[in-house]
Amino acid sequence: MTTERYNPRTAEPKWQKAWAEAKLFETQTDAAGEKYYVLEMFPYPSGRIHMGHVRNYALGDVVARYKRAKGFNVLHPMGWDAFGMPAENAAMQNKVHPAKWTYENIDAMRTQLKSMGLSLDWSREFATCDVDYYHRQQMLFLDMLDKGLAYRKKSKVNWDPVDMTVLANEQVIDGKGWRSGADVEQRELVQWFFKITDFADDLAAALDALPNWPEKVRLMQRNWIGKSEGLMLRWALETATAPEGQREVTVFTTRPDTLFGASFIAVAADHPLAQKAAENNPDLQAFIAECRRTGTSAEALEKAEKKGFATGIEAVHPFDPEWRVPVYVANFVLMEYGTGAVFGCPAHDQRDLDFARKYGLPVKPVVLPPHEDPVAFSVGNEAFTDDGTIYNSGFLDGKTPDEAFEAVAERLEATDLFGAPQAERRVNYRLRDWGISRQRYWGCPIPVLHCESCGVVPEARENLPVKLPDDIDFEKPGNPLDRHATWRKAICPRCGGDASRETDTMDTFVDSSWYFARFTAPRADEPTDPQAANAWLPVDQYIGGIEHAILHLLYSRFFVRAMRKCGHLDLDEPFKGLFTQGMVVHETYRDGREWVPPVDVRFEEAEGARRAIRISSGQPIEIGGIEKMSKSKKNVVDPDDIIGSYGADTARWFVLSDSPPDRDVIWTEAGVEGAHRFVQRLWRLVTETAPKLRDAPSSASGGEDDEALTIRKAAHRTVAGVGEDIERLGFNKAIARVHELVNQLAAAFAKLDAGSPPARLAAAREALSMLVRAIAPMMPHLAESAWEAIGEDGLVAAAPWPTVDDTLLSDDTVTLPVQINGKKRGDLTVPAEAGKADIEQATLALDFVVAALDGKTPKRLVVVPGRIVNVVV
RNA sequence: GCGGGUGUGGCGGAAUCGGUAGACGCGCCGGACUCAAAAUCCGGUUCUGGUGACAGAGUGUCGGUUCGAGUCCGACCACCCGCACCA
């Protein structure tokens, strides 16, 4: 008998239409069932979806469809993270308006996403560049300004002196502007900030209340916030060496216990003391200027060679008025952290040690490692940073570092310096306030005015939205809003006088920090409908890339706190469950210096070696490493091509099956073909078996037929396992189970005919129906076609998850591996309820055990019921 | 540089609580069907030695704890992600 091959090109659009017409995925807040909000990180509309999107949205869709089948009221929306630099780059390169470019990209990508057959509620769709959306974001900004959560301060940017524009970190390459090639400078601008540090303590503490987050993400966030308890410590400056008007410097230290090992003080290049000292010192000015050419990213600063400049200024040691410590300006001290000044104790900090060795500064150990001789111990090129006993430290000698910390704090809190305590305890955070100002066009305008008489004034709520002007040009670099002829002109809502608009727009991270809340009431006049937000939030399962582990997630957590303060919702945390997926990676190919896309490559197998041939030239080319799919390396596979030739189900099945979802998946053509073969195999199994089951009884309970029982056990066990795997997001394991079941059913069904015992036919029908429902979350289109072919009613997308009969999950007997001295030597089959003593007895009767013992008694007999037996001879 | 992660056959991976290492898939090899091919079906496939039963080795490297370690502990190596203006 021949059956027709399954044709996804006709089946997939048909079922997508059927779902849309049934409005199956349009969610009502008050519908029956417990709420479940599943969300994947929304995409940036770059123009085409890539395989990372396919993976991300396939993962989320399995969860959404599964939860729906389990009876939950599922919210599964989609939108667009649509502001950002690529639209401006496109505008400059292709002379296309960022809005036009963005909305055309959205249209193209929406079509692509729809071809994946995702169970999304498209009625809630929005883009962050919609005026409707950024209007509400401006409302939020005003509320936050009102609550003191937004403020202005000076901050540094990367400045390109040739293009006269601010550069993003990614636009700075080796300290030079990406277009101009000019040396980038640091420049200070007054910019807008969100006061995320107000919540630093809570953001760190509340991580403990997120058990469904990966531990690694919580750890990364905790480290990012970086809470540390230390001392603000004031050092007097030796008057003769200090610049005029400067008599002290304050450092922040977490190691006051090592104060007697202090060998230098280092201040940031932007520290007031450095500035002051440079006034009459051209060499220092040059050094500070050099520091400013490093760019603003922490990475660049940390990787730069550690350098210092001796200012000639000396500080007086707090515990010894005769002891002088030199003050350096150093490029590794950050003005943003602590006080912008540190004291260095080289013996117990690696960076300080490197610095001291470089500049010939003393290295005096003050913490003695356990079991070391105080006379003999010295520090070479490795600092001792562990616990020990304080020595060489006067009144601290013999204390532990913790005790010494306390002793120093107590004494210096009570010591007067220029009329104030010399030290003060302080909890410090690494976390800095969130700078949201961007000197760009394609972002949400900050709704603020600068009035000549009133200063900085928030735009009146009724004047919102502050819309982006459409008539802009990208002929010149820099911010088009800044040079727009009329847009800046405004009336001050306070005094009615002339004012000019703020031309900074918001960081696009702001847009993505509350979109999940907007989805709960996407057309509300206010930013949220608090009732809907509180009903749906938190997001039960949030899924996205690990690259967002810190910033996006931390900002969203901050926003929920800020929005609660402003009354927009009542919520502790935005994302109850978080899952970070791995990337989609692919081999790279290069022809000399040129990267070659996979579609232009074919392979030859010669003498066991795999060779790549460039199709367009017929020449052999080099096979490179397996790397993240990227435009620059051209190692991309277009999902459209895959869906066009194999169908969405094949693409979904492949990205779900090959790797655990939190790890990278390597896209291979062979893997996709394998997935497609399985699609056809399943279809064949269904269409070849269905006719045999026309007269099968509808209920399958028959235990009188062994074969029927075997089929039923297999089906029920698989469904139980697949359900558990999906709950744990172990999709690759769920798929392995489906493969096993199909292997088993194919063998059993081949032997079936109309004359088979009714119980067996009934078991087969039940198994087939369960199988189809089990694959439906992963291959929804094929499942619908199969559902129809086996004669079930309605849409499988609306069918409940199969009920598992628990009595079919256990066996009467268990087979235990038997080890001798930890190596497996055989098996032992015992009744499932056998106790330890029964197993011991049975083990000692086994042939190979008797032989191994050779008449002796075992040294030890380890029996773990249900697991293993180990005989120690 | 700092923070976080990963490492198991030819390849992707499985092993849920310290208990049979290699489920399942890909690839490869052999067979069936076919005039032939494709498709499909069946069998085999960690490595080494052996015709074979079997024996030994084996989870990045080195060491440790344990009756038993892929799993726990210590040191190291390689690769990947993030580092506040890419999204």
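Each chain gets a letter, A, B and so on, in the order the sequences are listed, and its residues count up from 1. All of these numbers come straight from a predicted model, not from anything done at the bench.
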Separation of atom CD in A:Glu727 from atom C1' in B:rU16, rounded to whole Å: 14 Å

Spatial distance of atom CH2 (A:Trp213) from atom CD (A:Gln221) [nearest 0.5 Å]: 5.0 Å

Among B:rC85, B:rA84, B:rA21, the one nearest A:Ala298 by side-chain distance: B:rA84

pair A:Arg557-A:Leu210: side-chain heavy atoms closer than 4.5 Å: yes

Taking every non-hydrogen atom, the tightest pair across A:Tyr6 and A:Asp649: OH-OD2, 4.0 Å

Atom-pair distance (CG on A:Leu828; C1' on B:rG19), nearest Å: 15 Å

Among B:rC85, B:rG13, B:rU20, the nucleotide that comes nearest once only the side chain of A:Pro660 is considered: B:rG13

Any A:Asn743 side-chain N or O less than 4.0 Å from OP1/OP2 of B:rC24: no

A:Asn821 side-chain N/O to B:rG68 phosphate OP1/OP2 under 4.0 Å: no

Complementary nucleotide for B:rG3 - Watson-Crick or wobble, under 3.5 Å: B:rC81

5' precedence on RNA chain B between A:Ile436 and A:Val217 (nearest-nucleotide basis): A:Val217

Interatomic distance at P, B:rA21 relative to B:rU71, whole Å: 14 Å

B:rC80 to B:rA69 separation - C1' atoms, rounded to the nearest Å: 26 Å

Under 4.0 angstrom between A:Arg684 side-chain N/O and B:rA39 OP1 or OP2: no

Residue from A:Val869, A:Leu828, A:Asn870, A:Ile868 passing side chain to side chain contact (heavy atoms under 4.5 Å, CB included) with A:Pro817: A:Ile868

Check: A:Asn870 side chain, B:rC67 base, donor-acceptor under 3.5 Å: yes

Residue A:Val864, side-chain atoms from C-beta onward, closest of B:rC26, B:rG19, B:rG5: B:rG19

Spacing of A:Phe654 atom CZ relative to B:rC26 atom C1', expressed in whole Å: 9 Å

B:rG7 OP1/OP2 closer than 4.0 Å to side-chain N/O of A:Arg663: yes

Short side-chain N/O contact from A:Arg438 to OP1 or OP2 of B:rC85, under 4.0 Å: yes

Phosphate OP1/OP2 of B:rA14 contacted by A:Asn732 side-chain N/O (<4.0 Å): yes

Distance, C1' atom - from B:rC76 to B:rG7, rounded to whole angstrom: 14 Å

side-chain hydrogen bond (donor to acceptor under 3.5 Å, both in side chains) evaluation trace for A:Trp192 with A:Glu502: CA-CA 10 Å; A:Trp192 285 96; A:Glu502 171 66 64; 2.9 Å; yes

P gap between B:rC28 and B:rA39, integer Å: 11 Å

Nearest-neighbour nucleotide for the A:Glu740 side chain, B:rU20, B:rA23, B:rC86 considered: B:rA23

Interatomic distance, A:Glu299 CD vs B:rG3 P [rounded to whole Å]: 14 Å

Within the 6.0 Å centroid threshold, strictly below: A:Tyr133 and A:Trp514: yes

Sugar-phosphate, base or nothing in reach of A:Lys216, heavy atoms under 4.0 Å: sugar-phosphate

Nucleotide opposite B:rG12 in a Watson-Crick or G-U pair, distances under 3.5 Å: B:rC24

Residue A:His548, side-chain atoms from C-beta onward, closest of B:rA84, B:rA87, B:rC67: B:rA87

Mutual orientation of the aromatic rings belonging to A:Phe332 and A:Phe355 [parallel < 30°, tilted 30-60°, perpendicular > 60°]: perpendicular

Presence of A:Arg677 side-chain N/O under 4.0 Å of B:rG25 phosphate oxygens OP1/OP2: no

Per A:Val872 side chain, nearest of listed nucleotides B:rC81, B:rC67, B:rA87: B:rC67

Pairing nucleotide - B:rG56, Watson-Crick or G-U, each distance under 3.5 Å: B:rC47

Side chain of A:Lys824 (C-beta onward), nearest among B:rC26, B:rC83, B:rA21: B:rA21

Anti versus syn assignment for B:rG74, with syn defined as within 90° of 0: anti

Under-4.0 Å side-chain N/O to phosphate OP1/OP2 contact, A:Ser657 with B:rG25: no

Euclidean distance for C1', B:rG22 against B:rU45 (whole angstrom): 12 Å

Euclidean distance for C1', B:rA37 against B:rG56 (whole angstrom): 45 Å

Side-chain donor/acceptor of A:Glu673 to base of B:rC26, under 3.5 Å: no

Upstream residue (5' side of RNA chain B) when A:Gln680 and A:Arg867 are each assigned their closest nucleotide: A:Arg867

Pair partner, B:rC35 [Watson-Crick or wobble, under 3.5 Å]: none

Heavy-atom donor-acceptor pair, A:Gln191 side-chain to B:rC85 base, under 3.5 Å: yes

Distance below 4.0 Å between A:Lys733 side-chain N/O and B:rA15 OP1 or OP2: yes

Listed nucleotide nearest any side-chain atom of A:Ser659, set B:rG12, B:rC85, B:rC80: B:rG12

A:Glu547 side-chain proximity, nearest of B:rA87, B:rA84, B:rG5: B:rA87

Nucleotide B:rC67, atom C1' - distance to NZ of A:Lys823 in whole Å: 14 Å

Heavy-atom closest pair, residues A:Leu59 and A:Pro661: CD2-CB, 3.6 Å

Short side-chain donor-acceptor distance under 3.5 Å, A:Ser180 and A:Asp160: yes

Between B:rG3 (P) and A:Leu554 (CG): distance, integer Å: 19 Å

Interatomic distance, A:Asp507 CG vs B:rC86 C1' [rounded to whole Å]: 11 Å

Anti versus syn assignment for B:rC17, with syn defined as within 90° of 0: syn

Nearest-neighbour nucleotide for the A:Met220 side chain, B:rU20, B:rG27, B:rG4 considered: B:rG4

Between B:rA39 (C1') and A:Trp683 (CH2): distance, integer Å: 18 Å

Watson-Crick or G-U wobble mate for B:rA75, both contacts under 3.5 Å: B:rU61

G-U wobble or Watson-Crick pairing nucleotide for B:rG19 (cut-off 3.5 Å, both distances): B:rC67

Separation between the C1' atoms of B:rA55 and B:rG50, rounded to whole Å: 9 Å

Integer angstrom distance from the C1' of B:rG74 to that of B:rG58: 23 Å

SB check A:Asp163 A:Arg179 (cutoff 4.0 Å): no

